[in-house]
Amino acid sequence: MTDDKIVLTGIKPTGIPHLGNYVGALKPLIELANNNKTYIFIADLHALNTIKDPKLIKQYSYEIAALMVALGLNLDNAVLFRQSDITEVYQLSNFLMNVTPKGLMNRAHSYKAIVEKNTAAGVDVDSGVNMGLYTYPVLMAADILLYGADIVPVGADQKQHVEFARDIAGYFNNIYGETFRLPEPVIGKETGLVPGLDGRKMSKSYDNTIPLFASESELKKKIMRIITDSKTPEESKNPDESTIFQLYSHFASKQEIEQFRQMFVNGGMGYGTAKTMLFDKINAVLSEPRKEYERLMANKAELDAILKDGAERAKLVAEKTIARVKKAMLG
Ligand code: AMP
């Protein structure tokens, strides 16, 4: 990726991420952000259509800010801000409504999934759908186009939203002339699935997660609960079928992974020992960021200052875009 590309991504404040989110999304994002001009926003407006408790949204937003900084986001390079602090995003979202076909929204995967569920349940197709949810892709287009993003790193499930942003930018440009750069979705490098405590994909919906900043004692307790087979310590074990080994391989160096692999294959290592080694490894990687996270969460004024600085930097760009859009649309 070249230096002059602008990267943008939003993180929805919906609670502390787990180790799967860290390995699959946050760690690669921070690497990308530290090497490119990057805007990272805390998507509190997007959380509004599901979370109705303002205290919770605020708390979750602080958590995202603290964890990005604790994980090493370089704030000289990246602009970290709260989506709702930039009022221009509502304006742009409303302007874009006028060039967005309703049919496009009907085709959004997330909306279609609810329609299908409602149809199967025999209730009204739009049951439980508010306009925030229905027009979510327009707000997301506004997020992206406001900052002139070229690259939007997303999980495969979000790819369609970036394509919609590109479509909406195209409709706008066709009517009003070249105003927006066309963004591209970039699906992150395949990091491999992080397994949860029961061996299935680590996911909140399976209740098998290890929270990213679990305390040392909680981390140990969770790791000791990882489900294994009943092989004795002496027996040789297949590392590729072991949740312990797979989790370890996401945190250790190549050499350490190879040594651990041999310990599985050779036999002579019980699962208790393997779990202790896994705990020591994850704890070593996360203990400094955890301390920094806890320090920041106890210093909300510092987080407020970080977010204020980010908002000021983001606003400079947002104001210019809105001025351009108003001129194009209203003369
Ligand atoms: P979710 O909150 O489940 O939508 O996950 C957000 C992002 O975190 C996904 O798009 C993936 O990039 C990453 N992720 C979530 N769970 C895992 C997992 N078990 N292994 C690897 N990456 C994951």
Side-chain angles (χ1 to χ4, degrees), residues 7-33 38 40-51 56-57 59-61 63-65 67-68 70-71 73 83 108-114 133 136-137 140 143-144 151-165 183-214 219 222-223 225-227 240-252 257 278 281-282 285-286 289:
V7 177
L8 172 132
T9 197
I11 306 175
K12 215 152 118 174
T14 51
I16 279 284
H18 52 70
L19 293 186
N21 301 134
Y22 167 69
V23 171
L26 297 172
K27 196 164 162 249
L29 171 62
I30 285 174
E31 272 166 31
L32 189 67
T38 303
I40 299 181
F41 65 93
I42 300 164
D44 54 353
L45 296 176
H46 286 293
L48 278 180
N49 65 57
T50 50
I51 305 181
L56 211 53
I57 294 193
Q59 168 71 12
Y60 288 162
S61 297
E63 288 174 1
I64 301 287
L67 80 86
M68 292 308 283
L71 290 174
L73 183 70
Q83 185 188 20
H109 295 320
S110 45
Y111 172 65
K112 267 171 60 180
I114 299 177
L133 189 147
Y136 188 114
M140 189 153 162
D143 292 323
I144 296 170
I151 305 285
V152 185
V154 282
D157 52 335
Q158 288 281 318
K159 184 166 174 259
Q160 189 199 37
H161 285 140
V162 184
E163 286 162 356
F164 278 9
E184 263 179 62
V186 171
I187 310 292
K189 255 199 316 241
E190 197 38 77
T191 50
L193 274 191
V194 176
L197 301 179
D198 57 1
R200 291 186 291 175
K201 176 190 170 183
M202 188 176 286
S203 165
K204 273 191 189 148
S205 33
Y206 294 145
D207 197 19
N208 63 358
T209 64
I210 302 178
L212 175 54
F213 289 134
L219 179 62
K222 293 261 183 194
I223 288 176
R225 271 181 40 207
I226 291 174
I227 295 171
D240 298 317
E241 285 174 3
S242 165
T243 304
I244 303 171
F245 179 79
Q246 285 167 37
L247 268 171
Y248 186 89
S249 64
H250 285 293
F251 289 86
I257 297 169
L278 173 63
K281 183 82 260 167
I282 297 183
V285 172
L286 293 180

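Counting convention: from 1, in listed order, for ligands and their atoms alike.
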Quiz item: Nearest 0.5 Å, what's the CD1-CD1 distance between Ile40 and Ile64?
Solution: 10.5 Å

Quiz item: Are the side chain of Gln246 and the backbone N or O of Asp240 linked by a donor-acceptor pair below 3.5 Å?
Solution: yes

Practice problem: Please lay out, stage by stage, how Val154 and Ile187 fare under the test side chain to side chain contact (heavy atoms under 4.5 Å, CB included). | Solution: CA-CA 5 Å; Val154 282; Ile187 310 292; 4.1 Å; yes

Quiz item: Which residue holds the protein heavy atom closest to atom 4 (O) of ligand 1, what is that atom called, and what is the gap in Å?
Solution: Asp157 OD2, 4.3 Å

Practice problem: Would you mind finding which of Ile187, Val154, Asn21 brings a heavy atom closest to atom 8 (O) of ligand 1? | Solution: Asn21

Quiz item: Would the Tyr22 and His250 ring centres measure less than 6.0 Å apart?
Solution: no

Practice problem: Starting from atom 10 (O) of ligand 1, locate the nearest protein heavy atom and write down its residue, its atom name and how far away it is, to 0.1 Å. | Solution: Gly155 CA, 3.7 Å

Quiz item: Picking from His18, Lys201, Lys222, Arg200, what satisfies side-chain contact (heavy atoms from CB on, under 4.5 Å) with Asn208?
Solution: Arg200

Quiz item: Are Asn21 and Leu212 close enough that some pair of their side-chain heavy atoms sits under 4.5 Å apart?
Solution: no

Quiz item: Looking at side-chain heavy atoms only, is the closest gap between Asp143 and His46 below 4.5 Å?
Solution: yes

Quiz item: When you measure from atom 22 (N) of ligand 1 to every protein heavy atom, which one gives the shortest distance, and what is it?
Solution: Gly20 O, 3.1 Å

Quiz prompt | Contacting atoms of ligand 1, where contact means under 4.0 angstrom from a heavy atom of Ala25 | solution = 7 (C), 8 (O), 12 (O)

Quiz item: What distance do Leu73 atom CG and Leu29 atom CG have between them, rounded to the nearest 0.5 Å?
Solution: 7.5 Å

Quiz item: What atoms in ligand 1 come closer than 4.0 Å to a heavy atom of Met202?
Solution: 16 (N), 18 (C), 19 (N)

Quiz item: Which atoms of ligand 1 have any heavy atom of Lys201 under 4.0 Å away?
Solution: 16 (N), 17 (C), 19 (N)

Exercise. Determine, considering heavy atoms only, which of Gln158, His18, Arg200, His250 sits nearest to atom 16 (N) of ligand 1.
Key: His18

Practice problem: Measure the distance from atom 12 (O) of ligand 1 to every protein heavy atom, then report the residue, atom name and distance (to 0.1 Å) of the closest one. | Solution: Gly24 O, 3.5 Å

Practice problem: Give a yes/no verdict on whether any heavy atom in Leu193 is under 4.0 Å from an atom of ligand 1. | Solution: yes

Quiz prompt | Identity and separation of the nearest protein heavy atom to atom 20 (N) of ligand 1 | solution = Val194 N, 2.9 Å

Exercise. State if Lys204 counts as touching ligand 1 under the rule of any non-hydrogen atom under 4.0 Å.
Key: no

